[in-house]
2 protein chains.
Amino acid sequence: MMAQIRSSEHTTSAHDRVYRGLRTRIMHGEILPGHPLTLRGLGQEYEVSMTPAREAIRRLVAEGALTMSASGRVSTPELTNDRIEELAALRALIEVELASRALPRAHMALIERLQTINNSIAERVAQRDAVGYISANLDFHRALYLRAQAPAMLAMAETVWLQLGPTMRALYGRLRQAEPPQFHRLILAALKAGDEPGLRLAVRSDVTQGLRHLTA
Amino acid sequence: MMAQIRSSEHTTSAHDRVYRGLRTRIMHGEILPGHPLTLRGLGQEYEVSMTPAREAIRRLVAEGALTMSASGRVSTPELTNDRIEELAALRALIEVELASRALPRAHMALIERLQTINNSIAERVAQRDAVGYISANLDFHRALYLRAQAPAMLAMAETVWLQLGPTMRALYGRLRQAEPPQFHRLILAALKAGDEPGLRLAVRSDVTQGLRHLTA
DNA sequence: TCGGCAGAAATGTGATCACATTCGCCGTAT
DNA sequence: ATACGGCGAATGTGATCACATTTCTGCCGA
């Protein structure tokens, strides 16, 4: 019966705070694959009871961000190579379409903003900041896709990002070479030129990129 | 503290029964758009308490099968035309890819099974059985896509079906002409011929089909 | 006749509890 | 030294409750 401490600012429900917090942590790769999560642990961490923690976890399991064992234990997923390839193919499918739809609406202000984000990415890479890199990279893609005016597609793309989150982080350690995102420049060039086939190819390449390393 | 009646056969958890039951009802179009659902009502219907009912509902909301108002009330979604077009485009994207991946693995037994399902569809259409039609139609597509060996993609496709469920039912009433699925025959022909471009076109046409009527 | 307002019913939310199951750890026997 | 068995801690599950909020109903007044 512990009293509700924060009398004001409960505009957002408890389970939503847990959900959003966990979701961004997973998507940005802050949690490594296979990491276990417990209801009581999460409840303590977010200062809520088990009930909202359970709702948040169930939702993330439904979205594929977490896996649940037969006994109900949940952890971040350890993806097989087949699954990773499949998710990369999904990214390619959906994001190429999103980019294509965004192209006619991409004016200069957007391109400049993308360039700014891209510089930020280069910084994170130089600093070996894996989480910052993943986060900024997703910002780049999301900023572009928002112009597509296709919320359902964007939601699907984000769900795929979510499923790949922990793996992307683990992958980051393997590709040692501090390579700035080469294909982002191609994306920007295609956007400026209004070159749709070029844009499709650039996005597909960017999305498929690092994942190829893994299957080797 | 009501005693657990069914002592045996609780191999499946309570929230899962509610989830699965609701999910198929929604996907098959048994619930019309805008229909409200309550936790206590569902709990009573499935003979469980509010807790598992809430988990099932949260999961379905996360998957886009239900919409939640600001006050927390849930109901089946009433989709805008834009949203419907977007979901149809997603179906086209994902299902064309799934069909393409299934093509090399589609042997005669599968094609015969698809033909059987297709006959079943024609029956449902003749009987004006909307739910049966939708259900059998999804069976047709799922049977084909299962051969693609791409579980993540199939899950995405099913999520889209789920979001379209109530709308498909409402749509069924509008297209009066009891048309059997014309494009399914094209799909079968392309499968037999191993004609990949033809298959892609046939699937895209089938998926986009009736949705065009709405936007008019 | 219509609009709004007050009270009642209904609903979602979150906390807590009891219980069954599972997991981990340690001791013992071979 | 290792494998097996059992005991205790930890965990998920589902029920129930109290409470705030929303929604509905019906009545009263203009």
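Below, chains carry the letters A, B, ... as their sequence lines are ordered, and counting in each starts from 1. The shown structure was predicted, so the numbers you read here are calculated from the model rather than taken from an experiment.
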What nucleic acid atoms does A:L37 come within less than 4.0 Å of, heavy atoms only: base, sugar-phosphate, or nothing?
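A:L37: backbone/sugar contact only, no base atoms under 4.0 Å.
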What nucleotide, of [options], holds the atom closest to the side chain of [X]?
X     : options                : result
A:R40 : D:dG14, C:dG14, D:dT13 : D:dT13
B:S71 : D:dA10, D:dT22, D:dG14 : D:dT22
B:M68 : D:dT23, C:dT22, C:dT13 : C:dT13
B:L39 : C:dG12, C:dG14, D:dT11 : C:dG12
B:R73 : C:dA15, C:dT13, C:dG12 : C:dG12

Distance, rounded to the nearest Å, where [X] contributes [atom1] and [N] contributes [atom2]:
X     : N      : atom1 : atom2 : value
B:Y19 : D:dT13 : OH    : P     : 15 Å
A:E55 : D:dG14 : CD    : P     : 13 Å
A:L42 : D:dA10 : CG    : P     : 17 Å
B:I57 : C:dG12 : CD1   : C1'   : 10 Å
A:Q44 : D:dG12 : CD    : P     : 13 Å
A:Y46 : C:dA15 : OH    : P     : 15 Å
B:M50 : C:dA15 : CE    : P     : 14 Å

To the nearest 0.5 angstrom, please state how far the CZ atom of A:R91 sits from the CG atom of A:L98.
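Output value for this atom pair is 11.0 Å.
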Quick one: CD on B:Q127 to CD on B:E123, what's the gap to the nearest 0.5 Å?
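Output value for this atom pair is 6.0 Å.
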Of A:S49 and B:T38, whose nearest nucleotide on DNA chain C comes first from the 5' end?
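It is B:T38 whose nearest nucleotide is closer to the 5' end.
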With no angle test and no hydrogens, is the base of C:dG14 tied to the side chain of B:R54 by a donor-acceptor pair under 3.5 Å?
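Per atom types, the contact qualifies.
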B:Y145 and side chain to side chain donor-acceptor pair (under 3.5 Å): which single residue from B:R147, B:R142, B:H141 fits?
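For B:Y145, the side chain to side chain donor-acceptor pair (under 3.5 Å) check succeeds only for B:H141.
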When you look at CD of B:Q44, are more than 12 heavy atoms from neighbouring residues, nucleotides or ligands closer to it than 6.0 Å?
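No, not enclosed.
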Kindly indicate whether a cation-pi arrangement holds for A:R59 with A:Y19, taking the cut-offs as under 6.0 Å to the six-membered ring centre and within 45° of the axis.
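Yes, a cation-pi geometry holds between A:R59 and A:Y19.
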So does A:H15 get a side-chain nitrogen or oxygen closer than 4.0 Å to the phosphate oxygens (OP1/OP2) of C:dG14?
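For C:dG14, OP1 or OP2 has a side-chain N or O of A:H15 closer than 4.0 Å.
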